[in-house]
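Have a look at the structure below, then the notes.
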Amino acid sequence: MIRLYDSARAAVAPLEPRDAGRVSIYLCGPTVYDLPHLGHGRHALVWDVLRRWLTFTGLQVRFVSNITDIDDKIIARADAEHVGEEAITATYEAAWWAALDALGVARPDEAPHATAYVEAMVDLIEELVDRDVAYELDDGVYFDVSSVTDYGLLAGQSLESLRSGARVETNLLKRSPLDFALWKNAKFGEPSWASPFGPGRPGWHTECVVMSLGLLGDGFDIHGGGLDLKFPHHENERAQAVALGRHFASHWVHHGWVMVGEEKMSKSLGNFTSLTDLLAQTDARAYRLLVLRSHYRSPIEVSPATMKDAERALARLDALARRFELAPLAGATLEVAASVEWSEEGRALYDVVAAAMENDLDTPAAVAVLFEALTRANALADEGDEHRARSLAEAVAACFAGLGLRLVAAEAALDDESADLVARRDQARSARDWASADRYRDELVTLGWIVEDGPTGTVVRRG
RNA sequence: GGCGGCGUGGCCGAGUGGUUAGGCAGGGGCCUGCAAAGCCCCGUACUCCGGUUCGAAUCCGGACGCCGCCUCCA
């Protein structure tokens, strides 16, 4: 079974699924008030890779990722644009899914919306009040963090040291600056729901407790998100569950951030902040490869240079697919390794990749192994060992499929002009008219093709 | 102030007590009409100072530098 770093234990620990053969994952999704950025993209990719890999190895994964569609920022944006909150959330949720689709990230099994769970949240808050771990103030209901003895577990700090570091005070009546809002009373014009505490809306930290426990049940396996959610969001989620006597997530997994490098983000770098913009100007698979080539807990630098690097590496993978005419494997569907017919060397490769993956999702090691195998497959083919070369190449593609990266062999469709140039060049070459052949090649290059001479003659592809 | 992370060859980026990470870029060679693709060879890195050890990039201590969290955030 895979071993993953658990933020609660501050150590790598084996994942011990509640139900054998099944893994339940709850992921904190986006608040839909703006376009997704590169960080969201990495986030989505990291979890897509984990989910796909677990599925690939034969586990049955139930993957839930929520949409936060009620929040202060949504209200603020709706106000600023003089539209309803639903207009904002509809727009940006659509943008979210569009970006994930473009990244080749599989949709969650369920994507619950916070607004559909308000009643359940109210019930939960009432129970917390009944248990005397929450209290009402003029502007809402607050959770009393001192009621949870190990508050600060995820942050790795004591309640006292967290308190001493608190910087922002929003409500001086709170018993502790760390106490957080469970319910916010509605101000004039704000969207609201009825509750025993008066009309208002839930605080952010409650929705994930209700939805994760509601959909996945007590003791679900993995709760994940970005490192920035560890505290206070996840800490606060956990506090509520603990206060209720519920068994919450057994494994907490957090990933690192996207850095925009020392060049700092600026317009001159080409708007490299929005995921939508990145996807418009590069192959989404290159971003996945970039993400795979660093460890999920490390920061990654996304810049034109690192993207270019990834694109070139990706080109080698596609070249392998072309050489062996590999069929596409990964896509919207989740591949299962059990259905892959491994050759002997393919199975050996898979075992090494799997060992890397099980070691806290060591994708960089897995990718390194796959690149070595790629070189070996090409070398075997050069030596004429077509059979072993092919089986190894197929295994490389299958393993990448397990990581959600599709190798593309497909040629772009030729327009008439290009097709004509290709025919002329082949003619010139068979007549050993190198000058003409080179001229036609130059023309094809000018049209944006990369020109190669294969056994069947001129082959072109898009660069 | 508290807590945590990081500093690796031109660049990106793993690793973790002794054996080649890997990729990109660069140099040389093979192949090719010339290329492209592919293959082979090449750089001998680990912030600094001490210490532990037969042996440290890897463990311990210290210094310097960088970053993050403690407030909304993937």
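In the text below, chain A, chain B and the rest are named by the order of the sequence lines, each starting its count at 1. Keep in mind it's a predicted model, so treat the numbers as computed, not measured.
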Discussion item. Please report the distance separating the C1' of B/C59 from the corresponding atom of B/C70, rounded so that it comes out in whole Å.
Written reply: 30 Å
Worksheet item: What nucleotide among B/C34, B/A74, B/A14 has an atom nearest to a side-chain atom of A/His37?
Response: B/A74
Worksheet item: A/Thr375 has a side chain; which of B/A74, B/C39, B/C34 sits nearest to it?
Response: B/C39
Worksheet item: Within the structure shown, what part of the strands sits under 4.0 Å from A/Lys230 by heavy-atom distance: base, sugar-phosphate, or nothing?
Response: nothing
Practice prompt. Return one dot-bracket line describing RNA chain B 5' to 3' (Watson-Crick or G-U wobble pairs, both distances under 3.5 Å; ( ) same strand, [ ] crossing, | another strand, . none).
Written response: (((((((..(((.....[...))).(((((.......)))))....(((((..]....))))))))))))....
Practice prompt. Would you kindly check whether a donor in the side chain of A/Arg163 faces an acceptor in the base of B/C70, or vice versa, at under 3.5 angstrom?
Written response: no
Practice prompt. Determine, step by step, whether A/Arg62 and A/Glu110 satisfy the salt bridge (Lys or Arg N to Asp or Glu O under 4.0 Å) criterion, reporting the C-alpha distance in whole Å, the side-chain angles of both residues, the deciding distance to 0.1 Å, and the verdict.
Written response: CA-CA 8 Å; A/Arg62 186 147 175 233; A/Glu110 282 163 281; 2.6 Å; yes
Worksheet item: Going by atom types only, do A/Tyr151 and A/Arg238 share a side-chain donor-acceptor pair under 3.5 Å?
Response: no
Worksheet, complete the sentence: Considering only heavy side-chain atoms of A/Leu374, the closest of B/C3, B/C39, B/A74 is B/C39
Worksheet item: Base, sugar-phosphate, or nothing: which does A/Val369 touch, judged by heavy atoms less than 4.0 Å apart?
Response: nothing
Worksheet item: Between A/Tyr135 and A/Arg175, is there a cation-pi geometry (under 6.0 Å to ring centre, at most 45° from the normal)?
Response: yes
Worksheet entry | Sugar-phosphate only, base, or nothing, as touched by A/His295 at under 4.0 Å among non-hydrogen atoms | sugar-phosphate
Fill in: Pairing of A/Arg285 and A/Asp318 as salt bridge, 4.0 angstrom limit
yes
Worksheet item: Judged by modelled atom types alone, do A/Asn378 and A/Thr375 share a side-chain donor-acceptor pair under 3.5 Å?
Response: no
Worksheet item: Does the cation-pi check pass for A/Arg462 over A/Trp449, that is, NZ or CZ under 6.0 Å from the six-membered ring centre and within 45° of its axis?
Response: yes
Worksheet item: Does a side-chain N or O from A/Ser298 land closer than 4.0 Å to OP1 or OP2 of B/A14, or not?
Response: yes
Discussion item. Closest-nucleotide mapping onto RNA chain B: is A/Ile450 or A/Tyr33 further toward the 5' terminus? I mean the 5' end.
Written reply: A/Ile450
Fill in: Residues A/Gln157, A/Ser161; criterion side chain to side chain donor-acceptor pair (under 3.5 Å); working and verdict
CA-CA 6 Å; A/Gln157 294 196 65; A/Ser161 65; 3.1 Å; yes
Worksheet item: Which of the following nucleotides, B/G2, B/C39, B/G22, is nearest to the side chain of A/Phe371?
Response: B/G22
Worksheet, complete the sentence: Residue pair A/Leu290/A/Leu162 against RNA chain B: nearer the 5' end by closest nucleotide is A/Leu290
Fill in: Same-atom distance (P) from B/A36 to B/G28, integer angstrom
13 Å
Discussion item. Given B/A74, B/C12, B/U16, identify the nucleotide with an atom nearest to the side chain of A/Thr306.
Written reply: B/C12
Practice prompt. Would you mind classifying the nucleic acid contact of A/Arg77 as base, sugar-phosphate or nothing, using non-hydrogen atoms under 4.0 angstrom?
Written response: nothing
Worksheet item: So, is A/Arg316 near the phosphate of B/C39, with a side-chain N or O under 4.0 Å from OP1 or OP2?
Response: yes
Worksheet entry | Under 3.5 Å donor-acceptor pair, A/Asp438 side-chain atoms to B/G33 base atoms | yes
Discussion item. Does this structure show an ion pair linking A/Asp109 with A/Arg51, if we count only N-O contacts that are shorter than 4.0 Å?
Written reply: yes
Practice prompt. Please state how far atom CG in A/Leu289 lies from atom P in B/C24, giving the value in whole angstrom units.
Written response: 10 Å
Fill in: Donor/acceptor link under 3.5 angstrom from A/Asp453 side chain onto base of B/C34
yes
Item to complete: Would you classify A/Gly256 as touching base, sugar-phosphate or nothing, given that sugar-phosphate means primed atoms plus P, OP1 and OP2, and contacts are heavy atoms under 4.0 Å?
Response: base
Practice prompt. For the pair A/Arg288 and A/Asp48, find out whether any cationic side-chain nitrogen is under 4.0 Å from an anionic carboxylate oxygen.
Written response: yes
Worksheet item: Using atom C1' of each nucleotide, how far apart are B/G29 and B/U47 to the nearest Å?
Response: 37 Å
Discussion item. Considering every strand and a 4.0 Å limit on heavy-atom distances, what is the contact class for A/Arg42: base, sugar-phosphate, or nothing?
Written reply: nothing
Practice prompt. Output the single nucleotide from B/G38, B/A21, B/A74 whose closest atom is nearest the side chain of A/Asp382.
Written response: B/G38
Item to complete: Pick the C1' atom in B/A25 and in B/G33, then give their distance to the nearest Å.
Response: 29 Å
Worksheet entry | Out of B/A37, B/C12, B/C3, whichever nucleotide has its closest atom nearest the side chain of A/Gln157 | B/C3
Item to complete: Let me know the distance between CZ of A/Arg297 and C1' of B/G13, rounded to the nearest Å.
Response: 16 Å
Worksheet item: Quantified in whole Å, what is the P atom distance between nucleotide B/G61 and nucleotide B/C67?
Response: 24 Å
Worksheet item: Would you say the base of B/A35 and the side-chain of A/Arg441 have a donor-acceptor pair closer than 3.5 Å?
Response: yes
Discussion item. Rounded to whole Å, how long is the line connecting atom CG of A/Leu154 with atom P of B/G5?
Written reply: 15 Å
Discussion item. Using a 4.0 Å heavy-atom cut-off, does A/Trp257 contact any base of the nucleic acid, only the sugar-phosphate backbone, or nothing at all?
Written reply: base
Discussion item. Is a donor from one side chain sitting under 3.5 angstrom from an acceptor on the other, for A/Ser7 and A/His254?
Written reply: yes
Discussion item. Using whole Å, what does the distance between atom P of nucleotide B/U32 and atom CH2 of A/Trp434 come to?
Written reply: 12 Å
Practice prompt. Would you kindly give the CZ-to-P distance between A/Arg376 and B/C40, to the nearest whole Å?
Written response: 11 Å
Practice prompt. Specify the separation, in whole Å, of atom CD of A/Glu372 and atom P of B/A21.
Written response: 10 Å
Item to complete: Measure from the side chain of A/Asp309, starting at C-beta and using heavy atoms only, and say which of B/C11, B/C70, B/A74 lies closest.
Response: B/C11
Worksheet item: Counting any heavy atom closer than 4.0 Å, what does A/Ala305 reach on the DNA or RNA strands: base, sugar-phosphate only, or nothing?
Response: nothing
Item to complete: Pick the P atom in B/A37 and in B/A45, then give their distance to the nearest Å.
Response: 30 Å
Discussion item. For the C1' atoms, the ones on B/A21 and on B/G15, what distance do you get once it is rounded to whole angstrom?
Written reply: 7 Å
Worksheet item: Across the strands shown, which category fits A/Gly225 at heavy-atom distances under 4.0 angstrom: base, sugar-phosphate, nothing?
Response: sugar-phosphate
Item to complete: Would you mind reading off the distance between A/Arg429 atom CZ and B/C34 atom C1', rounded to a whole angstrom?
Response: 9 Å
Discussion item. Measuring only the C1' atom in each nucleotide, how far is B/A14 from B/U58? A whole number of Å is fine.
Written reply: 13 Å
Worksheet item: Between B/G33, B/A37, B/G22, which one does the side chain of A/Arg293 approach most closely?
Response: B/G22
Worksheet, complete the sentence: The nucleotide from B/A14, B/C34, B/C69 with an atom nearest the side chain of A/Phe231 is B/C69
Fill in: Modelled atom types, side-chain donor and acceptor of A/Asp426 and A/Tyr440, under 3.5 Å
no
Discussion item. Please report the distance, rounded to the nearest Å, between OH in A/Tyr440 and P in B/G33.
Written reply: 20 Å
